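Fair warning: this is a prediction, and the values are worked out from it, not measured in the lab.
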Amino acid sequence: MTDILQNASIGFSRAGEDFWDRSLDLNRLLVSHPVATFFMRVSGDAMKNAGITAGDILVVDRALAPAHNDVVAAVVEGEFLVRRLWHRNKQARLVAEEPGAVPLGIDPDAGVTIWGVVTCVLHFFRHPGHSDQ
């Protein structure tokens, strides 16, 4: 067992040392279409089984065409909603990722539209500005 622990790598390998002096540009990493990309903060836990919880920040790209199984930001009667898009046989629904949730049919005439595609979730384990005191 000692041999296994001695060979275990915890943290960055030597190869990672090459990157210490480079800066990380999150806009460049997360944003493919700057003019059409927005950041949204999540409230509620309807998508927690998809790994999206209250307080998370979503990267939403309006330049992408929504496809079946994408997580999307939709506007429902003037309010933003984040759901998984189900799209088959010319029918489309917004589905929450929680047990017992009732899918919502997408009907532009009823005030339901897809606003953008969620491309990334920033999930905090400890929010910036958190104080132990």
* To do: Could you walk me through whether H123 and T53 pass the side-chain contact (heavy atoms from CB on, under 4.5 Å) test, one step at a time?
  => CA-CA 8 Å; H123 180 80; T53 59; 3.2 Å; yes

How close do [X] and [Y] get, heavy atom to heavy atom, and via which atoms?
X: M47; Y: A96; value: SD-CA, 4.0 Å
X: D70; Y: A65; value: OD2-O, 4.1 Å
X: A67; Y: L85; value: O-CD2, 3.5 Å
X: P103; Y: V95; value: CB-CG2, 4.1 Å
X: N49; Y: P99; value: ND2-CD, 3.7 Å
X: R41; Y: G55; value: NH1-O, 3.0 Å

* **R84/E97 ion pair, N-O < 4.0 Å** => yes

Just how far is it from atom [atom1] of [X] to atom [atom2] of [Y], taken to the nearest 0.5 Å?
X: H33; Y: T119; atom1: NE2; atom2: OG1; answer: 10.0 Å
X: N27; Y: S32; atom1: CG; atom2: OG; answer: 11.5 Å
X: F39; Y: L30; atom1: CZ; atom2: CG; answer: 6.0 Å
X: I106; Y: T113; atom1: CD1; atom2: OG1; answer: 9.0 Å

* Residues in side-chain hydrogen bond (donor to acceptor under 3.5 Å, both in side chains) contact with R62, at least two apart in sequence or another chain ->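 Not a single residue meets the side-chain hydrogen bond (donor to acceptor under 3.5 Å, both in side chains) criterion with R62.
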
Among the clusters formed by ILVMFWY side chains lying less than 4.5 Å apart, do [X] and [Y] turn up in the same one?
X: V71; Y: V60; result: yes
X: V76; Y: F80; result: no
X: L94; Y: V75; result: no
X: F38; Y: V42; result: yes
X: V31; Y: L29; result: yes

Indicate yes or no: at least one non-hydrogen side-chain atom of [X] is less than 4.5 angstrom from one of [Y].
X: W115; Y: V72; answer: no
X: V59; Y: T37; answer: yes
X: L58; Y: I52; answer: yes

Counting only N and O atoms by type, is there a donor-acceptor contact under 3.5 Å from the side chain of [X] to the main-chain atoms of [Y]?
X: H68; Y: W86; answer: no
X: D45; Y: A54; answer: yes
X: D61; Y: A63; answer: yes

